[in-house]
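See structure below.
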Amino acid sequence: GQQLNQSPQSMFIQEGEDVSMNCTSSSIFNTWLWYKQDPGEGPVLLIALYKAGELTSNGRLTAQFGITRKDSFLNISASIPSDVGIYFCAGTIDYKLSFGAGTTVTVRA
Amino acid sequence: EAGVTQFPSHSVIEKGQTVTLRCDPISGHDNLYWYRRVMGKEIKFLLHFVKESKQDESGMPNNRFLAERTGGTYSTLKVQPAELEDSGVYFCASSPTSRNEQFFGPGTRLTVL
(Lines give C-alpha, C1' and ligand atoms only; values in the text may rest on other atoms or scores of the structure.)
Protein backbone atom coordinates (compact mmCIF):
# COMPACT_ATOMS: atom_id res chain seq x y z
CA GLY A 1 0.00 0.00 0.00
CA GLN A 2 0.89 3.68 -0.23
CA GLN A 3 2.64 5.50 2.61
CA LEU A 4 0.52 8.20 4.27
CA ASN A 5 1.92 10.65 6.78
CA GLN A 6 -0.71 11.80 9.26
CA SER A 7 -0.10 14.55 11.76
CA PRO A 8 -0.22 15.30 14.52
CA GLN A 9 0.12 11.88 16.11
CA SER A 10 -1.83 13.02 19.16
CA MET A 11 -3.33 16.14 20.62
CA PHE A 12 -4.85 17.40 23.82
CA ILE A 13 -7.41 20.08 23.25
CA GLN A 14 -9.65 22.26 25.34
CA GLU A 15 -13.38 21.80 24.96
CA GLY A 16 -14.64 24.41 22.55
CA GLU A 17 -11.39 24.65 20.61
CA ASP A 18 -11.02 23.98 16.91
CA VAL A 19 -8.90 21.01 15.82
CA SER A 20 -6.94 20.44 12.64
CA MET A 21 -5.18 17.37 11.35
CA ASN A 22 -3.79 16.47 7.97
CA CYS A 23 -2.44 13.72 5.80
CA THR A 24 0.08 13.78 3.01
CA SER A 25 1.08 11.14 0.53
CA SER A 26 3.85 10.72 -1.99
CA SER A 27 1.30 9.29 -4.41
CA ILE A 28 -1.95 10.69 -5.74
CA PHE A 29 -5.33 9.37 -4.73
CA ASN A 30 -8.71 9.80 -6.35
CA THR A 31 -10.57 9.43 -3.06
CA TRP A 32 -9.75 10.65 0.43
CA LEU A 33 -11.66 9.41 3.45
CA TRP A 34 -11.67 10.37 7.09
CA TYR A 35 -12.65 7.81 9.74
CA LYS A 36 -13.03 7.99 13.50
CA GLN A 37 -12.49 5.04 15.79
CA ASP A 38 -13.91 4.91 19.30
CA PRO A 39 -12.52 2.44 21.86
CA GLY A 40 -13.66 -1.11 21.14
CA GLU A 41 -15.27 -0.11 17.87
CA GLY A 42 -14.26 -0.18 14.25
CA PRO A 43 -13.50 2.92 12.19
CA VAL A 44 -16.61 4.89 11.26
CA LEU A 45 -16.67 6.95 8.09
CA LEU A 46 -16.95 10.68 8.76
CA ILE A 47 -16.37 12.31 5.40
CA ALA A 48 -15.59 11.10 1.87
CA LEU A 49 -13.95 13.32 -0.75
CA TYR A 50 -13.93 12.45 -4.43
CA LYS A 51 -12.63 15.48 -6.32
CA ALA A 52 -9.42 17.48 -6.06
CA GLY A 53 -10.14 20.78 -4.34
CA GLU A 54 -13.43 19.51 -2.90
CA LEU A 55 -14.39 20.97 0.47
CA THR A 56 -17.04 19.02 2.36
CA SER A 57 -18.70 19.55 5.72
CA ASN A 58 -20.51 17.17 8.03
CA GLY A 59 -21.82 19.08 11.04
CA ARG A 60 -18.82 20.45 12.90
CA LEU A 61 -16.43 18.56 10.63
CA THR A 62 -14.90 20.01 7.49
CA ALA A 63 -12.49 18.21 5.20
CA GLN A 64 -10.74 19.12 2.00
CA PHE A 65 -9.24 17.11 -0.83
CA GLY A 66 -5.94 18.79 -1.71
CA ILE A 67 -5.57 20.23 -5.19
CA THR A 68 -2.47 18.12 -5.83
CA ARG A 69 -4.47 14.98 -4.86
CA LYS A 70 -1.67 14.12 -2.44
CA ASP A 71 -3.06 15.61 0.74
CA SER A 72 -6.17 16.20 2.80
CA PHE A 73 -7.06 17.94 6.02
CA LEU A 74 -9.82 17.55 8.59
CA ASN A 75 -11.06 20.34 10.84
CA ILE A 76 -13.28 19.88 13.87
CA SER A 77 -14.85 23.08 15.14
CA ALA A 78 -15.91 23.77 18.73
CA SER A 79 -14.74 20.41 20.08
CA ILE A 80 -16.85 18.55 22.62
CA PRO A 81 -15.99 15.60 24.90
CA SER A 82 -17.41 13.02 22.49
CA ASP A 83 -14.84 14.07 19.89
CA VAL A 84 -12.35 11.93 21.81
CA GLY A 85 -11.02 9.08 19.72
CA ILE A 86 -8.61 8.17 16.98
CA TYR A 87 -9.01 9.82 13.61
CA PHE A 88 -7.67 8.10 10.53
CA CYS A 89 -7.20 9.44 7.05
CA ALA A 90 -7.34 6.98 4.19
CA GLY A 91 -6.69 7.32 0.51
CA THR A 92 -7.44 5.08 -2.40
CA ILE A 93 -7.25 4.98 -6.18
CA ASP A 94 -9.51 1.93 -6.46
CA TYR A 95 -10.78 -0.08 -3.50
CA LYS A 96 -7.63 -0.72 -1.48
CA LEU A 97 -7.52 1.81 1.35
CA SER A 98 -4.15 3.08 2.56
CA PHE A 99 -4.39 4.49 6.06
CA GLY A 100 -2.49 7.03 8.04
CA ALA A 101 -1.23 6.03 11.48
CA GLY A 102 -4.00 7.98 13.18
CA THR A 103 -4.38 11.10 15.31
CA THR A 104 -5.43 10.47 18.89
CA VAL A 105 -7.59 13.29 20.21
CA THR A 106 -8.16 13.83 23.89
CA VAL A 107 -10.43 16.62 25.06
CA ARG A 108 -9.86 18.42 28.34
CA ALA A 109 -13.17 19.40 29.88
CA GLU B 1 -29.90 -1.89 8.87
CA ALA B 2 -27.40 -4.09 10.70
CA GLY B 3 -23.76 -3.14 10.32
CA VAL B 4 -20.74 -5.33 9.72
CA THR B 5 -20.34 -7.85 12.50
CA GLN B 6 -17.27 -9.80 13.52
CA PHE B 7 -16.74 -12.77 15.77
CA PRO B 8 -15.09 -13.23 18.16
CA SER B 9 -14.40 -9.78 19.57
CA HIS B 10 -11.30 -11.08 21.32
CA SER B 11 -9.19 -14.20 20.94
CA VAL B 12 -6.19 -15.24 22.96
CA ILE B 13 -4.28 -18.25 21.66
CA GLU B 14 -0.88 -19.79 22.00
CA LYS B 15 1.74 -19.74 19.31
CA GLY B 16 1.22 -22.65 16.95
CA GLN B 17 -2.53 -22.85 17.46
CA THR B 18 -5.17 -22.17 14.84
CA VAL B 19 -7.71 -19.37 14.97
CA THR B 20 -10.62 -18.61 12.67
CA LEU B 21 -12.14 -15.15 12.51
CA ARG B 22 -15.57 -14.53 11.05
CA CYS B 23 -17.06 -11.51 9.34
CA ASP B 24 -20.68 -10.92 8.35
CA PRO B 25 -20.91 -8.00 5.95
CA ILE B 26 -23.83 -5.66 5.54
CA SER B 27 -26.59 -7.47 3.70
CA GLY B 28 -26.35 -6.92 -0.03
CA HIS B 29 -22.74 -5.77 -0.02
CA ASP B 30 -20.85 -7.76 -2.63
CA ASN B 31 -17.47 -6.33 -1.68
CA LEU B 32 -15.79 -7.59 1.47
CA TYR B 33 -12.36 -6.58 2.73
CA TRP B 34 -10.04 -7.69 5.49
CA TYR B 35 -7.60 -5.27 7.13
CA ARG B 36 -5.23 -5.59 10.05
CA ARG B 37 -3.70 -3.16 12.54
CA VAL B 38 -0.69 -4.44 14.44
CA MET B 39 1.25 -2.85 17.31
CA GLY B 40 -0.46 0.56 17.05
CA LYS B 41 0.65 0.99 13.47
CA GLU B 42 -1.49 1.94 10.52
CA ILE B 43 -4.36 -0.22 9.37
CA LYS B 44 -3.19 -2.31 6.42
CA PHE B 45 -5.15 -4.00 3.65
CA LEU B 46 -5.11 -7.79 3.54
CA LEU B 47 -7.53 -8.84 0.83
CA HIS B 48 -10.68 -8.12 -1.13
CA PHE B 49 -13.59 -10.34 -2.15
CA VAL B 50 -16.23 -9.60 -4.73
CA LYS B 51 -19.00 -12.02 -3.87
CA GLU B 52 -17.21 -15.35 -3.40
CA SER B 53 -14.20 -14.50 -5.56
CA LYS B 54 -10.88 -13.22 -4.25
CA GLN B 55 -10.06 -10.13 -6.26
CA ASP B 56 -6.89 -9.12 -4.53
CA GLU B 57 -4.98 -10.89 -1.78
CA SER B 58 -1.79 -8.91 -2.21
CA GLY B 59 -1.81 -7.83 1.42
CA MET B 60 -1.90 -11.30 2.94
CA PRO B 61 1.30 -11.66 4.99
CA ASN B 62 2.09 -15.28 4.13
CA ASN B 63 0.54 -18.66 3.46
CA ARG B 64 -0.40 -19.16 7.10
CA PHE B 65 -3.38 -16.94 6.38
CA LEU B 66 -6.37 -18.31 4.47
CA ALA B 67 -9.52 -16.34 3.72
CA GLU B 68 -12.72 -17.77 2.35
CA ARG B 69 -16.13 -16.48 1.41
CA THR B 70 -18.11 -19.52 0.36
CA GLY B 71 -21.52 -18.55 -0.99
CA GLY B 72 -20.56 -14.91 -1.15
CA THR B 73 -22.03 -14.01 2.22
CA TYR B 74 -19.93 -14.23 5.37
CA SER B 75 -16.17 -14.61 5.28
CA THR B 76 -13.66 -16.39 7.46
CA LEU B 77 -9.99 -15.66 7.98
CA LYS B 78 -7.97 -18.54 9.34
CA VAL B 79 -4.49 -18.25 10.77
CA GLN B 80 -2.67 -21.58 10.98
CA PRO B 81 -0.29 -21.88 12.75
CA ALA B 82 -0.43 -18.56 14.58
CA GLU B 83 2.81 -16.71 15.34
CA LEU B 84 3.51 -13.96 17.86
CA GLU B 85 3.66 -11.28 15.15
CA ASP B 86 0.10 -12.09 14.10
CA SER B 87 -1.22 -10.29 17.17
CA GLY B 88 -3.29 -7.25 16.35
CA VAL B 89 -6.78 -6.13 15.49
CA TYR B 90 -8.35 -7.66 12.39
CA PHE B 91 -11.01 -5.54 10.76
CA CYS B 92 -13.55 -6.55 8.18
CA ALA B 93 -15.26 -4.01 5.95
CA SER B 94 -17.89 -4.18 3.25
CA SER B 95 -19.19 -1.94 0.53
CA PRO B 96 -21.79 -2.00 -2.19
CA THR B 97 -20.51 -2.94 -5.60
CA SER B 98 -18.17 -0.35 -7.13
CA ARG B 99 -18.31 2.18 -4.29
CA ASN B 100 -15.40 3.31 -2.21
CA GLU B 101 -17.22 3.95 1.05
CA GLN B 102 -16.27 0.95 3.13
CA PHE B 103 -18.12 0.25 6.36
CA PHE B 104 -16.04 -1.36 9.05
CA GLY B 105 -16.87 -3.94 11.66
CA PRO B 106 -15.76 -3.60 15.30
CA GLY B 107 -12.72 -5.80 14.74
CA THR B 108 -11.34 -8.94 16.35
CA ARG B 109 -8.46 -8.39 18.75
CA LEU B 110 -6.10 -11.35 18.37
CA THR B 111 -3.41 -11.99 20.94
CA VAL B 112 -0.88 -14.74 20.29
CA LEU B 113 1.13 -15.75 23.37
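Note that the structure is predicted; figures quoted are calculated from it, not measured. Just so you know, these numbers use all the heavy atoms, side chains as well, and skip hydrogens, waters and symmetry mates. Reminder, nothing fancy here: chain letters follow the sequence lines and each chain counts from 1.
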(message) Taking the six-membered ring of B:Phe91 as reference, does the cationic atom of B:Arg36 (NZ for Lys, CZ for Arg) lie under 6.0 Å from its centre and within 45° of its axis?
(response) no
(request) Assess the pair B:Tyr35 and B:Phe104: is the distance between their ring centroids shorter than 6.0 Å? (result)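 Ring centres of B:Phe104 and B:Tyr35 closer than 6.0 Å.
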(request) On the 0 to 90° scale, with breaks at 30° and 60°, tag the A:Phe65-A:Trp32 ring pair as parallel, tilted or perpendicular. (result)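 The arrangement is perpendicular - the two ring planes meet at more than 60°.
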(request) Say whether A:Lys96 and B:Ser58, considering side chains only, have a donor N or O and an acceptor N or O under 3.5 Å apart. (result) yes
(request) With a 4.5 angstrom heavy-atom cut-off, could you sort out which part of B:Arg109 is near chain A: side chain, backbone, both or neither? (result)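 The answer is neither part of B:Arg109.
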(request) Below 4.5 Å from any heavy atom of chain A, which atoms of B:Ser9 appear? Answer side chain, backbone, both or neither. (result)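 Interface part for B:Ser9: neither.
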(request) Measure A:Gln6 against the heavy atoms of chain B and call it side chain, backbone, both or neither at under 4.5 Å. (result)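 Neither part.
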